[in-house]
Every structure is written in structure tokens, then in C-alpha cells.
There are 2 protein chains.
Amino acid sequence: MASESQNWVLMVTAQTPTNIAVIKYWGKRDETLILPVNDSISVTLDPAHLCTTTTVAVSPAFQQDRMWLNGKEISLSGGRFQNCLREIRTRACAVEDKKKGIKITRENWSKLHVHIASYNNFPTAAGLASSAAGFACLAYSLGKLMNVKEDESQLSAIARQGSGSACRSLFGGFVKWIMGKEDNGSDSLAVQLADEKHWDDLVIVIAVVSSRQKETSSTSGMRESVETSLLLKHRAKEIVPKRILQMEEAIKNRDFASFSQLTCADSNQFHAVCLDTSPPIFYMNDTSHRIISIAEKWNRSEEAPQVAYTFDAGPNAVLIARDRKAATLLVQRLLYYFPPNSDDLDSYIIGDKSIAKDAGINGIRDVEALPPPPEIKDNILSQKYKGEVSYFICTRPGRGPVLLSDNSQALLNDETGLPK
Amino acid sequence: MASESQNWVLMVTAQTPTNIAVIKYWGKRDETLILPVNDSISVTLDPAHLCTTTTVAVSPAFQQDRMWLNGKEISLSGGRFQNCLREIRTRACAVEDKKKGIKITRENWSKLHVHIASYNNFPTAAGLASSAAGFACLAYSLGKLMNVKEDESQLSAIARQGSGSACRSLFGGFVKWIMGKEDNGSDSLAVQLADEKHWDDLVIVIAVVSSRQKETSSTSGMRESVETSLLLKHRAKEIVPKRILQMEEAIKNRDFASFSQLTCADSNQFHAVCLDTSPPIFYMNDTSHRIISIAEKWNRSEEAPQVAYTFDAGPNAVLIARDRKAATLLVQRLLYYFPPNSDDLDSYIIGDKSIAKDAGINGIRDVEALPPPPEIKDNILSQKYKGEVSYFICTRPGRGPVLLSDNSQALLNDETGLPK
């Protein structure tokens, strides 16, 4: 080995956000390289509320590549992990830390094993794109550890091979995944359209919807759509290219009316393609439909749209309010229709709790006292759906990956390289 | 008046079936004439279980056109009623009944008023295309009363102006509504592809699904789809024409595998277009989705498809079983997942009750004793959804309109011309 001692452990810890697509990715033209059939655009979510933290470590003492997810060891044998690891290793550069007596040459990397520990600050099972943040964090942290010179866009093309939407988590703010044209996928990567400060009025409320249904995985779902949906190709070739241009324009101009119209229409069209698949795929349930109706009714009662909605491969609603005022009105509506099952409001509205406070919601009594929204003319028709939402997460557009230099935030022990 | 006495009442009573589209009609190119954007194909349902009976009467004593639906007087002022009445009147021919002393010349018809009484043998509110049977029966019975010489196809073009899908109820068996090319709609009419005896293996089970949602009417729904769905035009121009040819072939050959695949795919695509509409339209609910999953899972576990499903503008499922054996297995599955809320099985399975008997279901105990279907490997995952279905109707493909000559079946009194 390149170093004199076999006892050193070199570590890097990074934090990477998740993201929500506003122009959807659905359908691959290459399953192995994960190359999509159309461009997509996403908003990065504030890592303060939804993120993955990953520590990667290398040591001559490690006998094999190992990984722990949320404290539990998982297999790294899957092709997607192996692709990411291989792609990063081929780009590794020499690293030297004289103080610790570490010297790794470019060639050494192929012989050294890594330990990876990853942790999501939100429930993995909630269907909140944990794999996007996870693979982005893996590519980013390994890239830093191995002194990879490639920029975020180039790293995004590696993260993409772990999980398509992961490539969009290499940047904060507003991100476009360019589908690319090359067969090897080298030009299928993410670029930042604008950072999170460009449009910082937006407030995001996620409704985590209770579900009894077992969902189709997005990997098999999009494969079946590509194979059987007669509408998917038309969407990918004729509709999305125009929408991408319109969405870029809407983001550039902070034009919420266009942003909202495009976001909702594209979410609905993605789910339409799922329904056009054989057998049909249903990700939205009755609760998802109710949330859409609430948003549509409210938007139509106002002079301009107040909220956009979008749903990924599951029933959870991601609601984007035009500004803080709209967000408080949105939270009032959501809590009116979906009061919590218990009195524990503190675990029912998580993330940025100040939105609920601004909405005048400090306890369960405030929820009970909420009047029906004014757009409901016939109060008899307004029903409440207690228990249909598990909880709400209030957040906002956020920054891209960052390194965490504070060793206390590392998930691996810096002497053993094992989970703390 | 043409007759010597003013006291006569001339009456005709007819019975007309409802129908279920297997290639869907969704979108008009002309709202007034009700001209569709694509051809559609339907199966006529047995009038023994689902039909409209209409009595039309004419008398010089009548002061105005009047109509009663299910015993309650309704307004005839709507454009759709007026269009049908006008179109039939312009085609009226002379009628003479020497025994009763009735003589009506061609010219008289424009001065004579009609009374119309119509009755559905199924709940109007159940979302079972009552307007299709209703307008078909109106056109058919008025045509008979007024001695109109036009054939069923020509009458269908009149019924079409009352309710688009009504034109397909002028025939039994398997029916195609040709969209036509003419601006005046003269070639937008129904033709029979095959009568009900051509493929009499098929058994139809309708699940009337309980719903809390208020539904979008199909008239406004299809208008919004035409205006906002980017997928609708592609469907109408590129996809449906091919499907129509394939469906005609499947019906001709009694090829259930193709029939089932096309029926399910076209139902799903119609609902996909609804979802692609702004604001999105949801006709299917979680119960509808569950029924689809049950059918899909079962079909995939067998060598060949056993059942096709199709949904109109509401949550009710129309299930078409390949034969009687498949129908009994279907009923077992449906009752296993959707047991009745009460012990009253007799009002839970209506229509052709012999299917349930053949399935070994004679009472609530038999329902409770049903084992999970063999295609459910993991019994823990099999849930029951009591109360989600209001009732089931067992039926089959059926005949077209008929005249009821037995006066006891007339809905109007033959002396007063008023409802019995």
C-alpha cells in the first residue's frame, strides 16, 4: 500500500438534498445506463427538512466494499451501486495527507475498499424520493473522497446510473436533466437553471398520504409504460420538449401562473400515462384526488393561481405555494379537510413549523376552529377526511450538496470505519 | 283535425336497451349536433335487466308536448329533446286507423302534441347510461308512432342528437358508431357489427360502486378534455382508428383475448385522457382501481384472459366474462373482496341471479365461506372491502329496441294520455 501504516481511515461526509420534478421523468431509452426518453425539470428541496447524509471512508484495512443505510447493513452487489462505484473509481485522482501519513496514488484506488454509511432525515418508506438523494450523495461524497476533478454536472451523470432522478440532486434550486443524445449517456446530465435564491418566495408543503396499496416500483412501472403505453411516446416526443422551454421561461421570470399551470398539467399527464399502461398503474388514490380538487377549486376562486401540485410515483402530494401568505392559507385548507387523527399536532406538521404558526395553528383547538374555505359555497358538501394524511412537511426550495467538515456529523467512526 | 272525433289517443310503447362502450366515445367535434372525434364500439346490454320503456302518445286533445320520467313530469324545453322531436316530426308520414277513426296526414304531425312517459328498470342515479337508453327509446318510439320510414341507422342519427351514446342503443349485440365526415352529421350513425346471438358466451357483471364524490357530467367533461388535453387529439386521430379495426376483427372472430385486451386498454386510455384534462377529471375511485387489480391479477394467473373491464364516466365497473364458467369464478372473486354490508344477498346481486347460484352462492354464509382466490399467494395481503360496492347486476349482451304491443305495458292511459 501507498502509506506506511495500515491503520489510517480517510473519510468524507456530505449532505445531499432530495428533489421533486415539475416536468416529469417517466420512461427510459436505456435501462442499464438510465437514459430517459425526455428532459425533466425539478425543484431541489431544502435539505434542512429532507436530505441524505452519507459518510464514505477508505482504508487499507477494509476487506471489502460495505454499506449501511439508516444503520442497517445492505448489499452493494446491485448493478446500480456497482456502476456508480466503478464510474467514480475510474476518475479517482491521487490523494495525499502528509499529517496522517496517507498517500494514495491514482492506481491505488482500484485496490482499496470503501465503507459507506447513509442516513435519511425522513422516513424511507414515505415515498419521498430517498433514492434520488441517496445516489446523489453517494456520487458526491465518493467523488470528494477520491479527489475526482469532474464538476457537479459530470458527477450527476454518474449519480444518474444509480437512480435517474438522483442526477437532479447535484444542484440546489431549479435543475434540468438534459436527456442527451449519446448512446453512452455521457451527455445525459443535470444543469442548474437557477439557484434557490432566484425564487425564494416559494413555499412547499408535502402531504404524506396514508396508503393501503402496495405500489408499483418506478423502475418496473416506467418499463411497462414504455412497452405498452401508446400515449407515452407522443408525450415524450411532442409534448414535453415544448413544456421544458415554457417551464424554463416560467422559472426565469418567476411567473407563478405559468409555473403552476405547467407543473399541475405535467403531473397529471405523467399519471395519465401510468393509467394508459397495461396493466394500468395507479399511484394516486382518492386522497390524492381530493387534494387536487381542493387546490384546483381554490386556484379557480382566486384571480391568479395560489398553489401548484405534483405527485411522484405514489399518493403523496407536493404542493408549491406562490408565497408565504399563500402557504398559510394552504395549510389552513389542508388542516380543515385533513385534521390529524390524534391531538399531537407537533408530529403532524413537521419541517418548517413557522408556516403553521403564521396560519394561526398552535394546537388542535385551532384546527377544530378552522372555518370552511370561502370557495366552498355549499357547506354541506364540505367533508372532512380525518386520518387520510399521515403528516405534513413544510419546506422550501433549497441548496445543493455540501460537505460536512464537522467530524461529529460523520456516520462512520474515524478509527474503525464502522458505523458509530 | 284529420279525424272526426277529438277523443282518440294513438299510442306506441317501446323498450330499448342501454349499452356499454368497449372502444370509448370521448370528445365532440360539434357540440350541438353531437358529432364525435372518433368512432366507438359498444355491446348492447340485455334489456331484461337494464332498459328504458317509453310510451309515446298523440291526441288532438293534447295542449302541449309533455314528458314524464319515472313518473315525474320533466321539462321538454331542453335543446336535446327539441332536436329529437323536430327531427322525427320532419320525417313523419301519414297514419290511418279506420277502426278507431284516426287519420293523420303528413302535414298534421306538426300541429299535434305528444305525451311521452319513460321508465328505467334500474336506478337512474347509478350512472348506468340511462340517457343512452332513454333517447334511443324516444327516437324509436316516436319514429314508430309517426310512421317514420327511416331504418334503425337513420333513427340512430336522431337519437345521437339527444345523447351521443344513445345512437348505439338502436341495435342489439355489437354496435359501431361511425363518426362520419359530414358537417350536418347525416353520416354520423350506428351500424350493427353482429347481433347478440353471434357471441352469446359472454356474461356481464356490473359492480355499482358506492361514491362520495360528485362527478363531472360527461358533457362538460368531454368539452374540457377537447379544450385542454394534449393527449386527446393523438388518441382520436392515431390510436382509436386502429383499435376500431382490431375490435371489429376480435368481435367477428369471437377472439376473447383480443377483445379483452382492447376493451381494458381503451377504458384505461379514456380515463387517462380525463386525467390529462385541466382541471383533471377522476371518474374512477379507489374501489374502481381495486376491481381492475383483481381482474388483472386473475387474468395474468390464467393462460388466457378470463374477464375484460370497462368504466364509463363514473366509478362503476362493467366486467365482461369470457363465458359462464368464468362468470361464476368472477362472481366468487367479487363477493370475496366486496361482501355485502347486510345479510340481504337478494338485493345485492340482481339481474340474472342464476350466475350466483352456479357459483355456489345461495346465502350470506356462502359468501363468508369463500376462500381467497388462488392467484393471491400472500393471504395476508388480501383485504376485504365491505360496503364499497352497492350491488352487482348480472346480465349479458342483449337485443335491440322492440315494440311492446301488450297495452298493459304502456305507461300512459290510452284514454287520457296521462301516466297510469
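Please read these numbers as outputs of a predicted model, since none were measured by experiment.
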Residue part contacting chain A, namely of B:Ile239, when any heavy atom lies under 4.5 Å: side chain

Any B:Arg243 side-chain heavy atom under 4.5 Å of A:Leu230 side chain: yes

A:Arg235 side chain reached by B:Asp276 side chain, heavy atoms, under 4.5 Å: no

Which atom pair, heavy atoms only, marks the closest approach of [X] to [Y]?
| X | Y | result |
| --- | --- | --- |
| A:His289 | B:His289 | CE1-CE1, 4.5 Å |
| A:Ala272 | B:Leu231 | CB-CD1, 4.2 Å |
| A:Asn268 | B:Leu275 | CB-O, 3.2 Å |

Atom NZ of B:Lys28: over 12 foreign heavy atoms under 6.0 Å: yes

Greater than 12 external heavy atoms within 6.0 Å of B:Glu303's CD: no

Atom pair CG (A:Asp286) and CE (B:Met284), whose distance is rounded to the nearest 0.5 Å: 11.0 Å

Based on non-hydrogen pairs under 4.5 Å, which of B:Ser278, B:Pro279, B:Ser229 is most in contact with chain A? B:Pro279

In terms of heavy-atom proximity below 4.5 Å to chain B, should A:Glu296 be classed as side chain, backbone, both, or neither? side chain

